[in-house]
Protein chains: 2
Amino acid sequence: MNDVARLAGVSIKTVSRVVNDEPGVHEQTARQVLAAIESLGFRRNMGARNLRQGVTTATVGLLLEDVSNPFYSGLTRGVEEVARQFGRRVLSASSDEDPVQARELALDFCARRVDGLLIVPAGREQGYLAAEIRAGTPVVFIDRPGGDVTADTVLMDNVGGTMMAVAHLAGHGHRRIGFLGDDPEIFTAAERLRGFRRGCARAGIERGAEFAAMGPHDEHSIGSALRAMFDRSVTALIGGNNRITIGLLRVLAGMPERPALIGFDDFELADLLDPPVTVIAHDAKALGHAAAGRLFARIQGDDSPHRDLVLPARLVPRGSGEVAP
Amino acid sequence: MNDVARLAGVSIKTVSRVVNDEPGVHEQTARQVLAAIESLGFRRNMGARNLRQGVTTATVGLLLEDVSNPFYSGLTRGVEEVARQFGRRVLSASSDEDPVQARELALDFCARRVDGLLIVPAGREQGYLAAEIRAGTPVVFIDRPGGDVTADTVLMDNVGGTMMAVAHLAGHGHRRIGFLGDDPEIFTAAERLRGFRRGCARAGIERGAEFAAMGPHDEHSIGSALRAMFDRSVTALIGGNNRITIGLLRVLAGMPERPALIGFDDFELADLLDPPVTVIAHDAKALGHAAAGRLFARIQGDDSPHRDLVLPARLVPRGSGEVAP
DNA sequence: GGCTACGATGACAACGTTGTCAGGGACACG
DNA sequence: CGTGTCCCTGACAACGTTGTCATCGTAGCC
């Protein structure tokens, strides 16, 4: 800016005025300044501007498990869209479900003075965020609650969705149902398991005819879980998330059994498989929209009490869940 | 920092020393400072630090078409991993293939003084980047060259991949092959079309027995392109990218014809479809690794001449591409 | 005792901006 | 001609850090 000022033969402040479209600059002067800016390729240093003006960095932090998982990339896209509407950029990072990394990344975001933080919590404790929240950084938890920290939260209806799946299978005559879920340390996995149990109870399925195998899962563990379930005459399966459902499909492709199947999380091509896969669907992008919406409301000063938003899940029947035992 | 200094009864400089683990602070003093930091929840302002220290913001900008497309989210993940190794965060944004937005986002990244820029160019002209590059911001183009701007570039072997697909189909006896590609304004689409033509020539397929329908495509346009091709007795198809291949599969599901099919871009579940889909595969994450690798080399001062890297594509035969006419 | 050496600390400037306020010239009016 | 007003412009401080250099006290040495 100094260089621009020198070249244009004006003071640095006048350059600032031109850059910011402030009124009260002679048109002739402004032209000279603009010419100087052009010829020097000057670009205002946002960092310095933020420092001077105080709070905003026009950036929000998004911390999730893994961008390359379609669920999270859809979510990211949703966040990005809302952020753009509010003139913000998104700083994103994947924690790989590792609490230590998550903590480190979140604190790094704070040190960068993001305007707000969207977090898919990894692990049970987010206590390290309490100080940041007190300091005024708005935080919204996505997909899982913050545990020991209270803040706005946007969740899926995990319990309701799984109950719906069980009811659907029971409605088609299944009485022995297996659930393959993720590590129950993960909130959504525990919730879906809860939904599974409750759904079974409500459908009048006797205890002992419901089988749950919780993860973490790879194809090998899915295979052994499946064999154990088939040994006990399970006729229908529920996949606890998109990874597991796809793993299930892959393993089942090499087995003779063709149980009914419902997956939690919709996924691309589910409708083109044979049979097409019935799923409990929810909208990752909508989740991003909702969470970012809350965050920007907070950023703009909304200080109403914390709100928990639960987005609905819906059953999409496609075939695999509508077969008789 | 001021507050911390006051509370600890030391000068602001001493706090700075403690925060930066500089030597020469009495242990007792350091403890007091740390206690003050803890109790005030102080976190160093990265923006101010960057301003003072000069260049780095420990951030790179990643500009792509759409994070929610699995190809790009895989790429993003690759970039993120390398960035983390180098202690950087990733600021990402989707341009939706709109040159105006792309320009705006890229310049915004520059104004934030990112350490480097990874760009999947949208549109033909990236001239606005020339000034930034001259000013010393390293830029790496991904997936498409920069057109009027020269910088490091990391590409896929689009021509070779498509030629491979044609050769594979010809090897199975196909003489009338259709190619459904994206908008030829897009570099990769044009390259793949070129590969298709060259592959046909090399396979001795007479001109007039190769049919290309370029996009942009939706299911409707794919449908009409397909009908036109079948009218001319096409027996094999190549899908020009993951979106188009999936569109093709969806449209074909409602038609009686079962042509041979090879898709450019691998996609999840391709192996579970019936028949499993043969694809030209490449590794999006590897692309991200390679591009970020180049970028950080530049950031660390590598000023060797610009380099163009072309990552190989490979044919993954799964069934759909191995059927006779 | 006077000297150096060293360890611990602080004062101050600077990074690139912008907000505040004051200065200076042109012009109109009494 | 003096005065007030308006428009344009610039000097200066400040944002939160860190680099440079100076200061101070104490210990060690001759």
Side-chain angles (χ1 to χ4, degrees), chain A residues 1-37 40-59 107-115 132 135-137, chain B residues 1-37 40-59 107-115 132 135-137:
Chain A
M1 210 169 214
N2 244 316
D3 302 343
V4 174
R6 201 162 27 246
L7 179 59
V10 298
S11 85
I12 180 179
K13 176 67 215 194
T14 300
V15 177
S16 170
R17 274 193 262 264
V18 173
V19 169
N20 292 303
D21 273 333
E22 282 175 41
V25 179
H26 197 81
E27 194 184 339
Q28 168 86 24
T29 318
R31 259 201 301 275
Q32 283 172 18
V33 171
L34 287 172
I37 287 176
L40 267 62
F42 166 80
R43 208 84 63 193
R44 163 173 71 199
N45 183 328
M46 279 271 297
R49 171 173 229 249
N50 292 333
L51 181 58
R52 175 65 235 244
Q53 295 200 312
V55 280
T56 178
T57 51
T59 307
L107 291 182
D108 179 281
F109 285 162
C110 291
R112 288 162 187 270
R113 296 294 190 272
V114 293
D115 295 344
E132 307 301 335
T137 308
Chain B
M1 212 172 215
N2 244 317
D3 301 344
V4 174
R6 200 161 27 245
L7 179 58
V10 298
S11 87
I12 181 179
K13 176 67 215 195
T14 300
V15 177
S16 170
R17 273 192 262 265
V18 172
V19 170
N20 292 302
D21 272 335
E22 283 174 40
V25 178
H26 197 81
E27 194 185 337
Q28 168 85 25
T29 317
R31 259 203 301 276
Q32 284 173 19
V33 172
L34 287 172
I37 287 176
L40 266 62
F42 166 81
R43 209 84 62 192
R44 162 174 71 200
N45 183 328
M46 279 271 297
R49 171 173 228 250
N50 293 333
L51 181 58
R52 177 63 236 245
Q53 296 201 310
V55 280
T56 178
T57 51
T59 307
L107 291 182
D108 179 281
F109 284 162
C110 291
R112 289 162 187 268
R113 295 294 189 274
V114 292
D115 296 343
E132 308 300 335
T137 308

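Values below: every heavy atom of this structure, side chains too, minus hydrogens, waters and symmetry copies. These numbers come from a predicted model, not from an experiment.
Residue-level contact check: Val19(A) touches neither bases nor backbone, having no heavy atom under 4.0 Å from any strand. Within the 4.0 angstrom heavy-atom criterion, only backbone atoms of the sugar-phosphate kind lie near Glu22(A); the bases stay farther away. Looking at heavy-atom distances under 4.0 Å, Arg44(B) makes contact with sugar-phosphate atoms alone, never a base. At the heavy-atom level, Asn20(A) lies under 4.0 Å from the strands shown only through sugar-phosphate atoms. Using a 4.0 Å heavy-atom cutoff across all strands shown, Ser16(B) reaches at least one base atom of the nucleic acid.
Separation of atoms CE (Met46(B)) and CG (Leu51(A)) is listed at 13.0 Å; rounding is to 0.5 Å. In this structure, Leu107(B) CG and Arg112(B) CZ are separated by 12.5 Å, a value rounded to the nearest 0.5 Å. For the atom pair Thr137(B) OG1 and Arg43(A) CZ, the distance stands at 9.0 Å (nearest 0.5 Å). Taking CZ of Arg17(A) as the start and NE2 of His26(A) as the end, the distance is 14.5 Å to the nearest 0.5 Å.
When rounded to the nearest whole Å, the span between CZ of Arg49(A) and P of dT17(D) equals 20 Å. Atom CG in Asn2(A) sits about 9 Å away from atom P in dT17(C), given to the nearest Å. As rounded to whole Å, 13 Å separates atom P of dG16(C) from atom CD of Gln53(B). Atom CG of Leu51(A) is separated from atom P of dT18(C) by 11 Å (rounded to the nearest Å). Per the geometry, CD1 belonging to Ile12(B) stands 9 Å off P belonging to dT18(D), to the nearest Å. Separating the CE atom of Met46(A) from the P atom of dG16(D) is a distance of 17 Å, rounded to the nearest angstrom. Rounding to whole angstrom units, CD of residue Glu27(B) and C1' of dT9(C) are separated by 17 Å. A straight line from CG of Asp3(A) to P of dG16(C) spans 9 Å, rounded to a whole angstrom.
Checking dT20(C), dG16(D), dT9(C) against the side-chain heavy atoms of Val25(B) singles out dT9(C) as nearest. Of the candidate nucleotides dC8(D), dA11(C), dC15(D), dC8(D) has the atom nearest to the side chain of His26(A). When distances run from any side-chain atom of Val10(A) to the nucleotides dT17(D), dG10(D), dT17(C), the shortest one goes to dG10(D). Listed nucleotides dT9(D), dT20(C), dG10(C) differ in distance to Ser11(B); the shortest reach to its side chain belongs to dG10(C). Considering only side-chain atoms of Lys13(B), the nucleotide from dT17(D), dC8(D), dT18(D) that sits closest is dT18(D). Closest contact between the side chain of Thr14(A) and the listed nucleotides dG19(D), dG10(C), dG10(D) involves dG10(D).
Counting atom types as modelled, Arg52(A) pairs a side-chain N or O with a base atom of dT18(C) as donor and acceptor under 3.5 Å.
Within the 4.5 Å cutoff, side-chain heavy atoms of Asn20(B) are placed close to those of Arg44(B). For the pair Arg6(A)/Ile12(A), no side-chain contact is recorded, criterion being any heavy-atom separation below 4.5 Å from C-beta on. Looking only at side-chain heavy atoms (C-beta outward), Arg113(B) and Asn50(B) stay at 4.5 Å or farther from each other.
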Please test Asp115(A) against Thr57(A) for side-chain contact (heavy atoms from CB on, under 4.5 Å), starting from the C-alpha separation and ending with a verdict.
CA-CA 6 Å; Asp115(A) 295 344; Thr57(A) 51; 3.4 Å; yes
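Taking five base pairs at each end of the helix from dG1(C)-dC30(D) to dG30(C)-dC1(D), the local helix axes there meet at an angle of 70°, rounded to 10°.
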